Amino acid sequence: RPRFGEMLQIDASPFDWLSNGSMISLHGAIDDATGKVVALWLEPTERLNGYFKVLKRTILTYGVPRSIYSDAHSIFFSPKSGKLTVQDELEGKSVAFTQFGKALEILGINPIKALSPQAKGRIERLWGTLQHRLVVDMRVAGIKTIDEANAFLASYVIKHDGLFAVAPEEEESAFLPAPSEEDLEYILCRRENRKASGDSTISWKGKKWMAVDAKKRQILLKRSATVEILTLLDDSIALQHDGNIFRLERFITAPMEEKNPSGAKDLEKARETPHIPAPDHPWRRWNEKRKKKEKSPLHIVTAGTEG
């Protein structure tokens, strides 16, 4: 491409990047026009979050690229791209998007599929260069963890580009203005559609959730309204509905109160402790009369005989 930012090649490479015997994946993006590495990010394996992190660093540093050139990995292109859901068809979509594809669509980035490794030769050659140079530089810098490496990589790309990047054919940059970092958090995330229940809650991962406002008041949702649950890069979650973002909190049902719990306790206590009537209790007086009557002598009446 003739302009910087017109197309980025993106990929990941598993390698012993920390020189400790473990294979971890370096995610990266390189500009097609200049050979400039725009971002690098390490993860334990090749995964969506690694590519989101690369895209985030790129956008915050340079802006939004016009297109991204990648292989046919399922992170980038859905294997079910020819099978659309009813919701997709209603929204006028022509292909099924992956989570990464949804983010590109929102940002207006055109995804391009490479049909062979040779087609994205720039980034394939980059891995060979980094496996010789980056590994040594991180060892010299005493980098031992992935977190330390990711902090180091932010400055390393500047050094690398100073050695290997070239000028583009056209000076004008093709990068578009970047959204705010806060907005970007809600774009580079996982999205799942759910339906609201009659009590304005959402079922997700076997639990019930509710959307709340800044004052932690529950947001009322229309029954069966479609909402999006967003899982952000820091693993926090949010809900998007009608263009608004809300926090999500667990919906806890208040326990049902027992009927007359104090009376139940009194009854249980009464069963355990016998009741002793007072000395002047009517029952005592009646009982004493009954006992005296039982002890009184029998009176036998015999009929007289006429002589």
Side-chain angles (χ1 to χ4, degrees), residues 7-15 17 22-30 37-62 64-85 87-88 93 95-114 117 120 123-124 126-127 130 145-147 149-151 153-154 157 178-179 181-194 204-205 227-240 245 248:
M7 186 175 75
L8 303 183
Q9 295 187 19
I10 194 168
D11 197 13
S13 173
F15 190 70
W17 295 104
S22 62
M23 298 289 284
I24 56 179
S25 290
L26 181 61
H27 302 66
I30 187 170
V37 178
V38 292
L40 295 171
W41 187 268
L42 268 173
E43 290 281 348
T45 60
E46 183 177 3
R47 57 178 63 169
L48 175 62
N49 273 18
Y51 289 113
F52 273 160
K53 289 287 189 177
V54 166
L55 196 53
K56 180 180 178 180
R57 277 192 171 179
T58 300
I59 291 173
L60 292 178
T61 304
Y62 302 104
V64 179
R66 297 297 181 94
S67 62
I68 284 183
Y69 197 57
S70 69
D71 57 25
H73 196 289
S74 59
I75 290 176
F76 307 117
F77 297 97
S78 171
K80 300 178 181 179
S81 59
K83 300 177 181 179
L84 300 179
T85 65
Q87 185 66 28
D88 290 336
K93 296 178 180 177
V95 294
F97 289 107
T98 63
Q99 295 290 343
F100 192 77
K102 290 177 183 178
L104 296 191
E105 182 192 27
I106 294 171
L107 291 165
I109 301 173
N110 181 36
I112 304 173
K113 184 190 298 185
K120 50 187 181 65
I123 199 161
E124 294 295 341
L126 173 65
W127 300 136
L130 294 180
T145 68
I146 289 179
D147 289 340
N150 284 326
L153 290 172
V157 294
E181 186 169 0
E182 182 181 3
D183 288 343
L184 200 56
E185 291 292 333
Y186 297 110
I187 297 174
L188 303 179
C189 62
R190 289 179 170 85
R191 301 168 179 274
E192 297 180 56
N193 287 339
R194 289 293 185 274
W204 183 62
K205 292 190 174 181
V227 299
E228 273 190 324
I229 295 180
L230 312 179
T231 303
L232 309 186
L233 287 175
D234 61 359
D235 290 328
S236 63
I237 56 176
L239 180 141
Q240 181 172 269
I245 302 290
L248 267 183

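Here the structure is a predicted model, which is why all the values come from computation and not from measurement.
Side-chain atoms of Asp234 and Ser236 form a donor-acceptor pair, as typed in the model, at a separation below 3.5 Å.
Side-chain contact between Val64 and Pro179: present, with at least one pair of heavy atoms (C-beta onward) separated by less than 4.5 Å. Considering only heavy atoms from C-beta on, Leu153 comes within 4.5 Å of Leu26 through its side chain. Here the side chains of Tyr186 and Leu230 are in contact, with some heavy-atom distance below 4.5 Å. The side-chain heavy atoms of Phe76 and Asp71, taken from C-beta on, include a pair separated by under 4.5 Å. Here the side chains of Phe100 and Ile10 are in contact, with some heavy-atom distance below 4.5 Å.
Between Val38 and Thr58, the closest heavy-atom pair is CG2-OG1, 3.4 Å. Residues Ile123 and Gly28 come closest through the heavy atom pair CD1-O, 3.4 Å. Pairing each heavy atom of Ser78 with each of Thr98, the nearest pair is N-CG2, 3.3 Å. Between Asp11 and Tyr51, the closest heavy-atom pair is C-OH, 3.4 Å. Minimum heavy-atom separation, Pro111 to Leu104: CB-CD1, 3.9 Å. Of all the heavy atoms in Lys113 and Ala72, the pair that sits closest is CD-CB, 3.9 Å.
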- Please walk me through it: do Leu130 and Val37 pass side chain to side chain contact (heavy atoms under 4.5 Å, CB included)? CA-CA 11 Å; Leu130 294 180; Val37 178; 5.8 Å; no

- Task: Tell me, with the steps shown, if Leu107 and Leu188 meet side chain to side chain contact (heavy atoms under 4.5 Å, CB included).
- Result: CA-CA 9 Å; Leu107 291 165; Leu188 303 179; 4.2 Å; yes

- Message: I'd like to know whether Thr145 forms a side chain to side chain contact (heavy atoms under 4.5 Å, CB included) with Asp147, so could you lay out the CA-CA distance, the side-chain angles of the two residues, the decisive distance to 0.1 Å, and finally the verdict.
- Response: CA-CA 5 Å; Thr145 68; Asp147 289 340; 4.2 Å; yes

- Stepwise side chain to side chain contact (heavy atoms under 4.5 Å, CB included) test for Arg191 and Ile106: CA-CA 12 Å; Arg191 301 168 179 274; Ile106 294 171; 3.2 Å; yes

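Rounded to the nearest 0.5 angstrom, Ile146 CD1 and Ile24 CD1 are separated by 4.5 Å. Annotation: the span from Leu239 atom CG to Ile245 atom CD1 amounts to 8.0 Å, rounded to 0.5 Å. Note that the CD1 atom of Ile187 and the CZ atom of Phe52 stand 10.5 Å from one another [nearest 0.5 Å]. Note that CD1 of Ile237 is 6.5 Å distant from OG1 of Thr231, once rounded to the nearest 0.5 Å. From Leu55, atom CG reaches atom CG of Leu8 across 8.0 Å, with rounding to the nearest 0.5 Å. Here CG of Leu48 is found 10.5 Å from NE2 of His73. Values are rounded to the nearest 0.5 Å.
Contacts classified as salt bridge (Lys or Arg N to Asp or Glu O under 4.0 Å) and involving residues 37-46 (residues at least two apart or in different chains) are given here: Glu43-Arg47.
Salt-bridge annotation for Arg190 and Glu192: absent, with no side-chain N of the basic residue lying under 4.0 Å from a carboxylate O of the acidic one.
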